[in-house]
**Student:** 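Questions regarding the structure given below will be posed in turn.
First the proteins, then the strands, lettered A, B, ... as listed; each starts at 1.
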Protein chains: 2
Amino acid sequence: MGDRLAKDRLFDAFASVAKVLGSGRRAEIVDVLAQGERAVDEIAGEIGQGIANTSQHLQQLLRAGMVCTRREGTRIYYRLSGPAVERLWVAVRQVASEHVAELDELAASYFGDRAAMDTLTRAELSKRMAAGDVVVLDVRPEPEFRSGHIPGAVSVPIRDLAGRLKDLPHGRTIVAYCRGQYCVFADEAVRMLRQLGMPAARLEEGYPEWAAARLPVESGAPRAAAGRV
Amino acid sequence: MGDRLAKDRLFDAFASVAKVLGSGRRAEIVDVLAQGERAVDEIAGEIGQGIANTSQHLQQLLRAGMVCTRREGTRIYYRLSGPAVERLWVAVRQVASEHVAELDELAASYFGDRAAMDTLTRAELSKRMAAGDVVVLDVRPEPEFRSGHIPGAVSVPIRDLAGRLKDLPHGRTIVAYCRGQYCVFADEAVRMLRQLGMPAARLEEGYPEWAAARLPVESGAPRAAAGRV
DNA sequence: GTGGTATTCAAGTATTCACTTGAATACCAC
DNA sequence: GTGGTATTCAAGTGAATACTTGAATACCAC
């Protein structure tokens, strides 16, 4: 049919989209941006790379149409360009978690014994929030909390948790959440709290899934003296 | 937090899934396998590559857990390993068609003037099939027809269409379908039929979407003397 | 066992890619 | 205008990748 070249180029175009996600660092960027928009230096910090390198990764994501930008003074904020990109990222994680054996090992060795740790589904958390017998703890970095969080949640970034443990209320179960199933922040928080004998559990998924499920969200800065709930 | 290494490896594992789709040839393989299982030499033929190269691409898909194999004598049949992989492939195509500008040009320059061509949705086709005023034409290669097709469809692979035009019934509109939105077979068939003054249109999507929508399907060899409907 | 076929493995080459470094650009404050 | 900051661009290096070629393996028919 004489179509070899055009056909190849068509599928190369499809593949170019997947190829952009085929780098761990860019995948990490997409995962960060799934939480909300970020400036370049913030992204560089979160993924632990230099600014120039981060910028080039962002250019690639931009060229593939997966992110868009917004300028504000000297800063340029990046965000995912639409829900199709989020669906793609979820699809990648699903295939990976179903089929990549290494993931289970990685998750087990690094996340700790997830199975032995209490987890709550979104529905369970909603119910217990309504009953008022839990404290919801957002352990993501604060900018992510600002751009959206579960209503009533307290923001204590995992980095600060050790120093602010005594501010947390006793008596009620603390439910920590973070970026999602494959983020370790909530796991670390639960481990830390349990070592101190405090009842703690993690939300099975993270904020992106919560928001995607159209459950109520809230945005803005944490309340002053965030320690008191 | 001292997690740099493990975190990087985790996201590398996610990225490894996307990376496998990041080659036009492997994307083509996934697209072919979305139609049903195939032996290595069949795949090599469809994507226009050597057998050794095709085999190595298949090994990569296998290592990523995206395909599985079944042995039958000397032949080894590959198939997609599950619905998550199909969802991933659809997600890639969606992001590509939304965001990669080049795709529109490629589609326009190669597919011809799709907009000027009548297309039917699945619902429209179902209705007209019930009314009995259309002939449904499957222009995919015959093995794909055998592994599943729209009930009542006639199999005339695009390669054979030119030689079998006179066998097709006149009077009723011919609706051609193929592998999907980005497959050219149906477009070529419609162009060919219209040049002969026959009323023709294409199904907007392809067989995979039809089957995924749980519309009725049929499988088996084409009826003898497939020309008569 | 032998011969034939389908598939995989292994080595070689040209290309592509990630990250680093250092310089250039674009904006704001003054 | 100058100085400072955020971002992008460009060049260089070491590693990874796609495709080719030729050989090895695994199965079947006999």
**Student:** Between B:Lys19 and D:dT17, is there a contact of a side-chain N or O with OP1 or OP2 at under 4.0 Å?
**Tutor:**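 B:Lys19 to D:dT17 OP1/OP2: side-chain N or O found under 4.0 Å.
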**Student:** Does A:Glu72 come within less than 4.0 Å of A:Arg75, counting only side-chain N to carboxylate O?
**Tutor:**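 No, this pair does not count.
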**Student:** Categorize A:Asp41 for me: base, sugar-phosphate, or nothing, with a 4.0 angstrom heavy-atom threshold over every strand shown.
**Tutor:**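 Sugar-phosphate contact only.
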**Student:** Give the rounded distance in Å between these two atoms: CD of B:Gln49 and P of C:dT7.
**Tutor:**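 Atom CD in B:Gln49 sits about 16 Å away from atom P in C:dT7.
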**Student:** Output the single nucleotide from D:dA18, D:dG4, C:dT7 whose closest atom is nearest the side chain of B:Arg26.
**Tutor:**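 Ranking D:dA18, D:dG4, C:dT7 by closest atom to the B:Arg26 side chain puts D:dA18 first.
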**Student:** Between D:dT7, C:dC27, C:dT7, which nucleotide has the shortest distance from any of its atoms to the side chain of A:Arg71?
**Tutor:**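 Nearest to the side-chain atoms of A:Arg71, counting from C-beta on, is C:dC27.
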**Student:** When we call it a touch if two heavy atoms are under 4.0 Å apart, what does A:Ala39 touch: a base, just sugar-phosphate, or nothing?
**Tutor:**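 Since only primed, P, OP1 and OP2 atoms lie under 4.0 Å of A:Ala39, the category is sugar-phosphate.
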**Student:** Quick check: closest heavy atoms across A:Val17 and A:Met66, and the distance to 0.1 Å?
**Tutor:**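 Looks like O-SD, 4.2 Å.
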**Student:** Can you tell me how far C1' of C:dT25 sits from CZ of A:Arg75, to the nearest Å?
**Tutor:**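 The distance from CZ of A:Arg75 to C1' of C:dT25 comes to 18 Å, rounded to the nearest Å.
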**Student:** It should be established whether B:Ser55 places a side-chain nitrogen or oxygen under 4.0 Å from OP1 or OP2 of nucleotide C:dT8.
**Tutor:**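 Answer is yes, contact under 4.0 Å.
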**Student:** From the set C:dT8, D:dC19, D:dA6, return the single nucleotide nearest to any side-chain atom of B:Ala52.
**Tutor:**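 Closest nucleotide among those given: C:dT8.
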**Student:** Please determine, for D:dT13, whether a Watson-Crick or G-U wobble partner exists with both distances under 3.5 Å, and give it or none.
**Tutor:**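 The base-pairing partner of D:dT13, which may sit in any strand shown, is C:dA18.
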**Student:** So, OP1 or OP2 of C:dC17: does either fall under 4.0 Å of a side-chain N or O from A:His57?
**Tutor:**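 No, no such contact exists.
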**Student:** At under 4.0 Å between heavy atoms, what does B:Glu72 touch on the DNA or RNA strands: base, sugar-phosphate, or nothing?
**Tutor:**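 Nothing: the residue B:Glu72, judged by heavy atoms under 4.0 Å, touches no strand.
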**Student:** Before accepting this row, confirm whether a basic side-chain N of the pair A:Glu218/A:Arg146 lies closer than 4.0 Å to the acidic partner's carboxylate O.
**Tutor:**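 Answer for the salt bridge query: no.
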**Student:** Rounding to a whole Å, what distance do you find between A:Ile51:CD1 and C:dT20:P?
**Tutor:**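 Answer to the nearest Å: 12 Å.
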**Student:** For C:dC30, which nucleotide in any strand shown is its Watson-Crick or wobble partner with both distances under 3.5 Å?
**Tutor:**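 Partner of C:dC30: D:dG1.
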**Student:** Quick one: B:Leu58 CG to C:dA6 C1', roughly how many Å, whole number?
**Tutor:**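 Roughly 13 Å, once rounded to whole Å.
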**Student:** Both distances under 3.5 Å, Watson-Crick or G-U wobble: report the partner of C:dA24, or none.
**Tutor:**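 Per the H-bond distance test, D:dT7.
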**Student:** Whole Å only: how far is the CG atom of B:Asn53 from the P atom of C:dT15?
**Tutor:**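 From B:Asn53 CG to C:dT15 P: 17 Å.
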**Student:** Looking only at heavy atoms, which two atoms of A:Ala15 and B:Gly24 are closest? And how far apart?
**Tutor:**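 Shortest heavy-atom contact: CB-N, 3.4 Å.
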**Student:** Taking NZ, NE, NH1 and NH2 as the nitrogens, is one of them in A:Arg122 or A:Glu204 under 4.0 Å from a carboxylate oxygen of the other?
**Tutor:**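 Looking at A:Arg122 and A:Glu204, the cut-off is not met.
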**Student:** How many whole angstroms separate atom CD of A:Gln56 from atom P of C:dT21?
**Tutor:**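 It works out to 13 Å between those atoms.
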**Student:** Under 4.0 angstrom, heavy atoms only, what part of the nucleic acid is B:Gln59 near: base, sugar-phosphate, or nothing?
**Tutor:**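 Contact class for B:Gln59: sugar-phosphate only.
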**Student:** Using atom CG of A:Asp12 as one end and atom P of C:dT15 as the other, report the distance to the nearest whole Å.
**Tutor:**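 For the pair A:Asp12 CG and C:dT15 P, the rounded distance is 17 Å.
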**Student:** Just checking, A:Arg140 and A:Tyr207: is the charged tip under 6.0 Å from the six-membered ring centre and within 45° of the axis?
**Tutor:**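 Satisfied, under 6.0 Å and within 45°.
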**Student:** Would you kindly give the CD1-to-C1' distance between B:Ile43 and C:dT8, to the nearest whole Å?
**Tutor:**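 These atoms are roughly 14 Å apart.
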**Student:** Which part of the nucleic acid, if any, lies within contact of B:Tyr78, taking any heavy atom under 4.0 Å across all strands shown: a base, the sugar-phosphate backbone alone, or nothing?
**Tutor:**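 If one applies the 4.0 Å heavy-atom cut-off, B:Tyr78 turns out to touch the sugar-phosphate alone, with no base involved.
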**Student:** Could you tell me whether A:Glu42 contacts a base, only the sugar-phosphate backbone, or nothing, with contacts defined as non-hydrogen atoms closer than 4.0 Å?
**Tutor:**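 Touches nothing.
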